[in-house]
Amino acid sequence: MTGWHGESGNQGGWGAEPYGQDPYHVAPEPPGYPPPPPPPPRSSRLPMIFGVLAIAVIVGAVVTIVLLNRESGTPVAQPTSSAPPAPTSTPSTEPTTRPTTQPTTRPGNRDGWQTVDNSADSGLVYDVPPDWKVVSSTRPSGLGVDFTGTADYGSYQCESGTYVRTYATSGDVQAKDGKDLDLDKTVTDFAKAFAAQAFGDTAKVSVPEPEEFEIDGRRAARLAAKVTPRVSTPACDATEGEIAIVGVLLEEDGKPAGVAMLVVVSDVAGGPAEPKSLPTTVAQEVLGSVRVG
């Protein structure tokens, strides 16, 4: 299927300094102040000479006492150098980021399969094979609703693009006007939208009539749409794809409250030799494991 390409944008640079002058400019002293007072008269140098002689006499007496103490063996206190205390290290704390909603996983009902519990976001719980990777990234539906609880299979790089062979993702929707949703129409609309989102707007999509059944006593509908993409990079792109989808009618206080859906988007043929595309029966097994959380 078509690759997931990140978008890069350019950040504009900061403009010139907004200040037209130094905000800490010191203004000149205003005129009109009286002139400074005259310097004080010079004092005599005699007191300074006597002070120097007195200091010399005191220093000589101290030196004589120290020498006498050394000769008599009396210990003299040595100056102690106190080193500054070693800085204490405090553990650094990493900046915390607000956690995103993550689906929980646990061993599935099938041998080796893992359960994706996305009941917090979509109201659904489902199983995927053990070699699928549950990821935190969302998947755009193409109808303004991002799906979560995503599990990928067969991620690969091809000509600077990142691709996956298959992914499962889930979400729930409500009518903007508050009216009841038509279950069959909702499932059909999202199958077409996911096909265009994953395989391109030019892909041909063949959507059969939904099959109605029940999940946990609730009305449900499922279908598998065949997708024929317009291939631009044969080494990377699938030549045939599938959108398998199941929708469950949600209720609140006995009244319809929207539709929860699980979608499995898969390559069926084409693309690189490895990883291989999965049989379509795997997608049906994933849809068959869905239950209301």
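- Checking E211, E212, E214 one by one against R219, the salt bridge (charged side-chain N to carboxylate O under 4.0 Å, His left out) holds for a single residue, E212.
- Side chains of D216 and V248 form no contact here, defined as non-hydrogen atoms less than 4.5 Å apart.
- Formation of a donor-acceptor pair under 3.5 Å by the R165 side chain with backbone atoms of P275 is found in this model.
- No single ILVMFWY cluster, assembled from side-chain heavy atoms under 4.5 Å apart, contains both V231 and V205.
- Side-chain atoms of T150 come within 3.5 Å of backbone N or O of S137 as a donor-acceptor pair.
- Across all their heavy atoms, S122 and D172 have their closest contact at O-CB, 3.8 Å.
- Side-chain atoms of S277 come within 3.5 Å of backbone N or O of V268 as a donor-acceptor pair.
- The closest donor-acceptor contact from the side chain of Q114 to the backbone of P129 lies under 3.5 Å.
- Residues satisfying the side chain to side chain donor-acceptor pair (under 3.5 Å) criterion with K185, sequence neighbours excluded, are D189.
- The only option from D121, D146, D152 that meets the salt bridge (charged side-chain N to carboxylate O under 4.0 Å, His left out) definition with R139 turns out to be D152.
- Interatomic distance, NZ of K226 versus NZ of K204, reported as 11.0 Å (0.5 Å rounding).
- Summarising the geometry of S170 relative to Y126, their closest heavy-atom pair is OG-OH, 2.9 Å, with the distance given to 0.1 Å.
- Within 6.0 Å of the CD atom in E274, the count of heavy atoms belonging to other residues, nucleotides or ligands exceeds 12.
- Side chain of T169 to main chain of T148: a donor-acceptor pair is present (N/O by atom type, distance under 3.5 Å, no hydrogens or angles).
- Taking every heavy atom of both residues into account, P208 and L223 meet most closely at O-CD2, 3.9 Å.
- Expressed to the nearest 0.5 Å, how far NZ of K276 lies from CG of L278 amounts to 11.0 Å.
- Summarising the local packing, CG of D131 is surrounded by more than 12 heavy atoms from other residues, nucleotides or ligands at distances under 6.0 Å.
- Checking side-chain atoms of D127 against main-chain N and O of W113 turns up no donor-acceptor pair under 3.5 Å.
- Of all non-hydrogen atoms in F199 and P229, the two that sit nearest each other are CD2-CG, 3.6 Å.
- Scanning both residues, V116 and G149, for their nearest heavy atoms gives CG1-O, 3.9 Å.
- In this structure, the separation between NZ on K133 and OH on Y153 is 15.0 Å, given to the nearest 0.5 Å.
- Cluster annotation: F190 and L250 are assigned to distinct hydrophobic clusters (Ile/Leu/Val/Met/Phe/Trp/Tyr, side-chain heavy-atom contacts under 4.5 Å, transitive).
- Checking side-chain atoms of S119 against main-chain N and O of G293 turns up no donor-acceptor pair under 3.5 Å.
- Closest non-hydrogen pair, V264 versus W132, comes out as CG1-CH2, 4.4 Å.
- Here the straight-line distance linking atom CZ of R222 with atom CD of Q284 works out to 7.0 Å at 0.5 Å rounding.
- In this structure, N118 CG and L262 CG are separated by 9.5 Å, a value rounded to the nearest 0.5 Å.
- Between the CG atom in L124 and the CE atom in M261 there is a gap of 9.5 Å [rounded to 0.5 Å].
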